[in-house]
Amino acid sequence: MNILVIGSGAREHALVTALRLDTSVDRIICAPGNAGIARDVETCEVDATSAQAIGDLAAELKVDLVVIGPEVPLVAGAADAVRAHGIACFGPSAAAAQLEGSKAFAKQVMDEAGVDTARARVCEALDEVAAALDEFGAPHVVKDDGLAAGKGVVVTSDRDEAFAHARACLDRGGDARVVIEEYLDGPEVSLFGITDGTTIIPLEPAQDFKRAFDGDAGPNTGGMGAYSPLPWAPSDLVANVTEHVLEPMIDTMRERGTPFSGLLYAGLALTSKGIRVIEFNARFGDPETQVVLARLVTPLGQVLLAAATGTLADLPPLEWRTGAAVTVVIASKGYPESPVTGDLIYGLGEAGAIGGVSVLHAGTRAQGDGIVSAGGRVLSVTAVGDDIEAARTRAYEAIDCISLEGSHHRRDIAEAKRSG
Ligand code: AMP
Ligand code: GLY
């Protein structure tokens, strides 16, 4: 089987790494990829925001399966464009990807599906914003309705800051909307389900660290690290979320005439009142994918192909490695506000030589014999071990081998005291 993977982050490097272990996969091409991916598989250029460019590339390469990593091409209709060429695609249609593309749409479907989430008001004007902020009280949660690469959400007890963010979202004009919602307490969990639109198979849960700095300080980012499994989570968590969240969502999407196939990512809060959905994403999460796939034993290509061709029900249960995985993101100076790029990265070889470690690339680019930073999140240093502590120790050992001018990373990823 020949597979085209779309994207250029550490998530895609993790996908490529897992696909390479699948003996049914003959050829992997990643577009556009990054410097680390290019060391492992073929890469080629593509405008990864253009649905048509992705569809045309898939047809030109005559691949058997396209796996779309990021949300932007999905929302733009890349999966529809690939399928229009008669090629199987792992990823939802543009209509189904609205579960991520519009927070207001996601709330509506959750309501129809009877899935528990934060109470919310969708606002189009500042007087509605003011009323909603007062209705829910502090801490305030203000979300840009559209795609914002994980940075469109402000959680704050400062009403002025909440109001200012809402104003900035609405100031974009057009049909800009902002969602104000009730604050959810409790630890967060990311649970992915792989689905063909009818059957949904949950993966192992992971926890992501969204804030930029240690102790959950600083602004929200795309994600600064993750670990899996979650030893502190209730033992029935996966079964519970599958029954009460994932299955009702895909059933409702199918009944609406917009079946969702690909990866449904539930961002959950385990609150004092029960499990609540924070958000849905329509694709693998980054950096959670790095730790989830590090533990998957079942050949990934066959799972993704089964999802893309409607045959997931025939698949045997997934197999998982015992032990744990931890990933720590190295980000550029200035990330998330204004990342500085173009600096040489040192120590990659030394870090990657540590047993159980894979240095997954995100924003990197080859320059001569070296590799330079080329994005906000630069590397996702991933390690497996017999338990979280062992994986964590290795990940930080590898991190300490790497140097990049001005870069920053969190030192508290997967620390025991965070758990629960
Ligand atoms: P989202 O893009 O919706 O996942 O939001 C990004 C992050 O903001 C989440 O991972 C949470 O940490 C935080 N967040 C979002 N919604 C809420 C909420 N209703 N209550 C508390 N925190 C939230
Ligand atoms: N880890 C958060 C995301 O992928 O959106």
Side-chain angles (χ1 to χ4, degrees), residues 7 9-12 14-15 68-72 74-75 97 99-107 110 116-122 132-133 135-157 162 165 169 178-192 203 205-212 215-228 263-273 275-293 327-329 331 336 362 376-377 380 410 413 418:
R11 164 184 52 211
E12 286 74 24
L15 286 164
I68 299 177
E71 62 275 18
V72 170
L74 289 168
V75 170
L99 275 187
E100 174 163 5
S102 164
K103 293 190 187 286
F105 175 79
K107 288 283 183 196
M110 280 187 263
D116 289 332
T117 182
R119 290 179 300 132
R121 297 277 172 266
V122 180
L133 290 175
E135 177 186 355
F136 296 129
H140 303 292
V141 181
V142 181
K143 302 186 175 187
D144 198 333
D145 182 48
L147 288 183
K151 296 163 221 157
V153 178
V154 165
V155 180
T156 177
S157 292
H165 181 60
C169 296
V178 67
V179 179
I180 311 288
E181 64 181 46
E182 162 195 27
Y183 177 78
L184 299 175
D185 61 355
E188 286 181 40
V189 171
S190 302
L191 186 70
F192 302 161
L203 304 186
Q207 192 173 49
D208 176 20
F209 292 71
K210 292 233 163 76
R211 299 282 185 145
D216 290 335
N220 267 319
T221 68
M224 295 298 290
Y227 67 98
S228 174
L263 189 130
L264 182 60
Y265 162 147
L268 307 158
L270 310 192
T271 77
S272 45
K273 293 184 200 142
I275 298 173
R276 298 283 183 276
V277 172
I278 294 180
E279 63 162 351
F280 284 107
N281 292 321
R283 38 83 197 167
F284 279 99
D286 188 347
E288 297 96 315
T289 299
Q290 289 86 302
V291 288
V292 171
L293 293 186
T327 194
V328 180
V329 170
R377 290 190 290 179
S380 186
R410 284 183 59 161
I413 303 300
R418 257 196 69 94

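In this text, all values refer to a predicted model and were calculated from it rather than measured experimentally. Ligands are counted one by one from 1 in listed order, and the atoms in each one are counted from 1 as well.
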Hey, looking at atom 2 (O) of ligand 1, which of Glu181, Arg119, His140, Glu279 has the closest heavy atom?
Glu279

What atoms in ligand 1 come closer than 4.0 Å to a heavy atom of Tyr183?
20 (N), 21 (C)

Answer with yes or no whether Phe284 contacts ligand 2, where contact means a heavy atom under 4.0 Å from a ligand atom.
no

Applying a heavy-atom cut-off of 4.0 Å, say which part of Arg11 lies close to ligand 2: side chain, backbone, both or neither.
neither

Heavy atoms only, cut-off 4.0 Å: how does Glu182 contact ligand 1, side chain, backbone, both, or neither?
backbone

Shortest non-hydrogen contact from Ala162 to Leu133?
CB-CD2, 4.1 Å

Could you establish whether Lys103 and ligand 1 come within less than 4.0 Å of each other, counting only heavy atoms on the residue side?
yes

Using a 4.0 Å cutoff against the non-hydrogen atoms of Lys210, which atoms of ligand 2 qualify?
2 (C)

Contact atoms of ligand 2, heavy-atom distance to Gly222 under 4.0 Å
1 (N), 2 (C)

For residues Glu279 and Tyr265, determine if any side-chain heavy atom of one lies less than 4.5 Å from a side-chain heavy atom of the other.
yes

Is it true that Asp145 and Lys103 make a salt bridge, defined as a side-chain N closer than 4.0 Å to a carboxylate O?
no

Counting heavy atoms under 4.0 Å, the part of Val153 that contacts ligand 1 is side chain

Need the ligand 1 atom indices (1-based, order shown) with element for anything under 4.0 Å from a heavy-atom of Val141.
16 (N), 17 (C), 18 (C), 19 (N), 20 (N)

Excluding sequence neighbours, so at least two apart, what forms side chain to side chain donor-acceptor pair (under 3.5 Å) with Arg283?
Glu71, Glu100

Does the side chain of Arg11 reach to within under 4.5 Å of the side chain of Ser380, using non-hydrogen atoms?
no

Using a 4.0 Å heavy-atom cut-off, which part of Asn220 comes near ligand 1: side chain, backbone, both, or neither?
side chain

Just jot down the ligand 1 atoms closer than 4.0 angstrom to any heavy atom of Lys143, in number order.
3 (O), 15 (C), 16 (N)

Here the atoms of ligand 2 under 4.0 Å from any heavy atom belonging to Asp208 are 1 (N), 2 (C)

Interfacing atoms of ligand 1 (cut-off 4.0 Å, heavy-atom, Glu188):
9 (C), 10 (O), 11 (C), 12 (O)

Taking only residues two or more places apart in sequence or in another chain, which ones pass side chain to side chain donor-acceptor pair (under 3.5 Å) with Glu182?
none

Heavy atoms only: which of Val154, Asp208, Leu184, Val142 is nearest to atom 21 (C) of ligand 1?
Leu184

Arg283 contact mode with ligand 2 (heavy-atom cut-off under 4.0 Å):
side chain

Tell me, do Lys143 and Cys169 make a side-chain contact under 4.5 Å, heavy atoms counted?
no

Looking at Glu288, which atoms of ligand 2 are within less than 4.0 Å of one of its heavy atoms?
1 (N), 2 (C)

Any salt bridge between Asp216 and Arg410, counting N to O under 4.0 Å?
yes

For ligand 2, which atoms sit closer than 4.0 Å to a heavy atom of Gly285?
4 (O)

Tested for side-chain hydrogen bond (donor to acceptor under 3.5 Å, both in side chains) against Thr117, the lone hit among Arg276, Lys107, Glu181 is Lys107

